[in-house]
Every structure is written in C-alpha cells, then in structure tokens.
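Along the sequence shown, the residues carry numbers beginning at 1. All values below were derived from every heavy atom in this structure, side-chain atoms included, with hydrogens, water molecules and symmetry-related copies excluded.
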Amino acid sequence: MSVSTTRPEAAPAGYDLNTSAETWRLFWHPVATLHELREAKPGGRGPLRTTLLGEHIGIAEIGGQVIAFEDRCPHRGVALTLGWAEDDGLRCRYHGWCFDAAGSCTEIPSMPADQTKPARAALTKYDCEVRYDLVWVRLDGSADTVLPEFEGWSDEAMHCIMGEPYTWPCSSGRRMENFMDVTHFPFTHQGTLGAPPNTVFPVFPMDQYDRRLRWKTETFLAHNPGTDTYGPPVDETSRMLPPAEYVIEMPFTITLKFDWSDTFSTQIFMHATPIDEVTSRSYWFTCHTVDGSADEVHLQLQDMVLGEDLPVVSSHQPPRIGDAAEELSIMPDKAMILWRRWIRELDAAAAKGADALWKVLEKVELESR
C-alpha cells in the first residue's frame, strides 16, 4: 500500500493482549443494524447513539446518505443524537445548529444570516458504509482497510437470517475465542453440540493468508434422523458430519461453515465489535441452503447455544485477554494461539504506520501444503 502514517503517540494499552485502541480504530466494525437506525426516531433516519472503542458515535441518514460522526455538537458539546434528522440536515436539540451530510454547518439560528459561520463549525465525521443490513464504521481511515466479506450474503443458494445483536461483558477477543474453541462443546454444550467421551479433537493444519486464518476441525456433530437440528449422535442411525471449516477475517470477524450433504450447507457469520476494553457487541447471521424451513428453527438453536455460553464467557477473569503468563495454553488451543500471535503482530505494526500494518495483514503461512 502506498498510504503511510505513523501513530503520533502510543495510547495506553488496555485492549486484548495489551493492544491499543488506536490499532482497532483502523478497522471496520458494525455499530448498529439498519433496522435499529430506522427504529431510533420517528421518520426512520435517526440519529442513533452507539459506542465504539469507548467513543460515543452518532449515526443518521442525511440527504439519503447514512453518516457517522462524533456525538458532540462543536458549539457546546451537547450530544447531537438528542436532536433530529431533517431532509437535508441534522439538527442539534440545544441551539438548533444544523449540519449536512458532509458535516458542514448549514445554519446557526441565533446568528444573523449575513455573518460568516466559524470555520470550526463542523462535525467530526467517520468513514461509514451500510453492508449486509449493518451500519459499519471506521474511526481512522489512514490505513485504507477493507470491510469483511460475508460469503453467504452474496450466495443466491443461501438463505441468511440476521440474529438479534447481543452485548456481553467480555472483550471482543474473549468472544472470538469462545466462538472458535471446539473443546468446550462436550461440557458447556453437553447434549446440544457435544458430549463425553468425545473430548479429544484432532489438531488440523491452519493457513494464514489474505487477511484470514482458515482451518478445519471435527465437532462430533451429527444429523440425527427425525430431528430439525444437529447435535451429538444419538444412535447408530446418526450420520456424522465431515469436518467444519472456520474462517477468521482479522481482527474480529469469524465464519463457521458446515456441509451437511452435497446439497445442504450452513454458515454462521459473526463480528465481535469492541464497545470498550471489556464489553463487546456481536452482530451475527445464521445461513442455510434454501430449503423452506422456518427461520425460528435456526434462530432457536443459536439462542440455546448462546444461552449456554453467556454465563461461562461472562465469568472470565480478567474480562479481556491479558498477559500470556496469566493463562495456560495447550496444543488443542492452536487456533487461539495463532490468532493471538497475529493480533499482537498487528498492534505492533500499526504503531509503525499503514505500510507496516498491511505487510502483516498480507502475511502468508500455509501449513496445509
């Protein structure tokens, strides 16, 4: 990449693995569903307040464009999300200042029309895009990072169902590791996704390329005849699934893929947005080959799994991933070990600038070959 920037001053390390919030500002994160924006205020254009990396963000639709901005009026620092969206502007509730989609102040009601508006009368805007019916925000665009890809969304053979976003009292890293960890299935999800004595999972090769970690893993899941969902094999008629595939798009997007047969597949897509150091909000979809089944069947299964995970993940001490010496890792934790290594490398590279960050993002290591 030709873009180059250097972090002016290292921010206090407080996120997973003692990384800096400045690093994760360089990446795209969903901050709300499009439905949440539509429902926030009468008229369906917002504004809506949300939080990303400890900062209050406002989103609104102005002039047909969804924008993201610091939730602070430059006049007296009042939250702009207390105001309302008009056809071509965002109106502050306190003194009525109005801002257009570009962030420029178009009106100051208390000032005579023939006077020049102050040069600093403008919003602090952030990069914003709507994709997959989610509102994505990037606080720092200097590294020119790209939005994560969601394969199921663009596959006409797949039916994608958006689940209700959920906020958990744990870091994005803790949520990511819970998702990629299969060795907890026989215990946390006993009877749902696993059961003893199936507790040993083969360690498969992992490939690192194109900003992604990819690997396959056995899960001891089976298609049990007569049931609507999968689970541990119940008897000799149960048909075991082939290994599932995990794909992580760095840093906080993960997709899990199952091929049930030659004609039926499922995917779960999730992004763990860092609200702050110890809080994350997960945006997710469950997708399956179009078959006419009811959405509730697929959502209920995921709700059950999340309900089993929540008390465990919420009990992490500390709620974010700290120093390596605080925990003990073993070979079955390989996916987490490699993800943690890449996270630390990204943080170190981001402090040196965009070119260094992209060099680490495009790192290639192919174990499967």
Asks: What do you reckon, is NE2 of H95 surrounded by more than 12 foreign heavy atoms closer than 6.0 Å?
Replies: yes
Asks: Looking at E345 and K363, does any basic side-chain N land under 4.0 Å from a carboxylate oxygen?
Replies: yes
Asks: One pair to check against side-chain contact (heavy atoms from CB on, under 4.5 Å): T188 and D309. What are the steps and the verdict?
Replies: CA-CA 7 Å; T188 305; D309 275 324; 3.7 Å; yes
Asks: Same cluster or not: M270 versus M336, using hydrophobic residues (I, L, V, M, F, W, Y) connected whenever any side-chain heavy atoms lie under 4.5 Å apart?
Replies: yes
Asks: Would F252 and W24 count as a close aromatic pair, with their ring centres under 6.0 Å?
Replies: yes
Asks: For the residue pair E151 and W153, confirm or rule out a side-chain donor-acceptor distance under 3.5 Å.
Replies: no
Asks: Report whether F179 and L134 are members of the same hydrophobic cluster (ILVMFWY, side-chain heavy atoms less than 4.5 Å apart, transitive linking).
Replies: no
Asks: Does a side-chain heavy-atom distance below 4.5 Å link L53 with L139?
Replies: yes
Asks: Closer than 4.0 angstrom, basic N to acidic O: yes or no for E327 and R174?
Replies: yes
Asks: Check H159, H288, Q300 against D295 for a side-chain hydrogen bond (donor to acceptor under 3.5 Å, both in side chains) and give me the one that passes.
Replies: H159
Asks: Hey, would you say the W215 and F204 ring centroids sit under 6.0 Å apart?
Replies: no
Asks: Assess the residue pair F150 and R131 against the criterion (side-chain contact (heavy atoms from CB on, under 4.5 Å)); give the C-alpha distance rounded to whole Å, side-chain angles, the decisive distance to 0.1 Å, and a yes or no.
Replies: CA-CA 10 Å; F150 178 10; R131 192 175 298 181; over 6 Å; no
Asks: For the pair N18 and D323, evaluate side-chain contact (heavy atoms from CB on, under 4.5 Å) and give the outcome as yes or no after the intermediate values.
Replies: CA-CA 7 Å; N18 296 318; D323 296 323; 2.4 Å; yes
Asks: Are F185 and F220 close enough that their ring centers fall under 6.0 Å?
Replies: no
Asks: Would W84 end up clustered with F99 when hydrophobic side chains under 4.5 Å apart are linked, directly or stepwise?
Replies: no
Asks: Restricting to pairs with a member in residues 100-126, which pass ring-ring contact (aromatic ring centres under 6.0 Å, His included), not counting sequence neighbours?
Replies: none
Asks: Run the ring-centre check on H271 versus W136 and record whether the distance is less than 6.0 Å.
Replies: yes
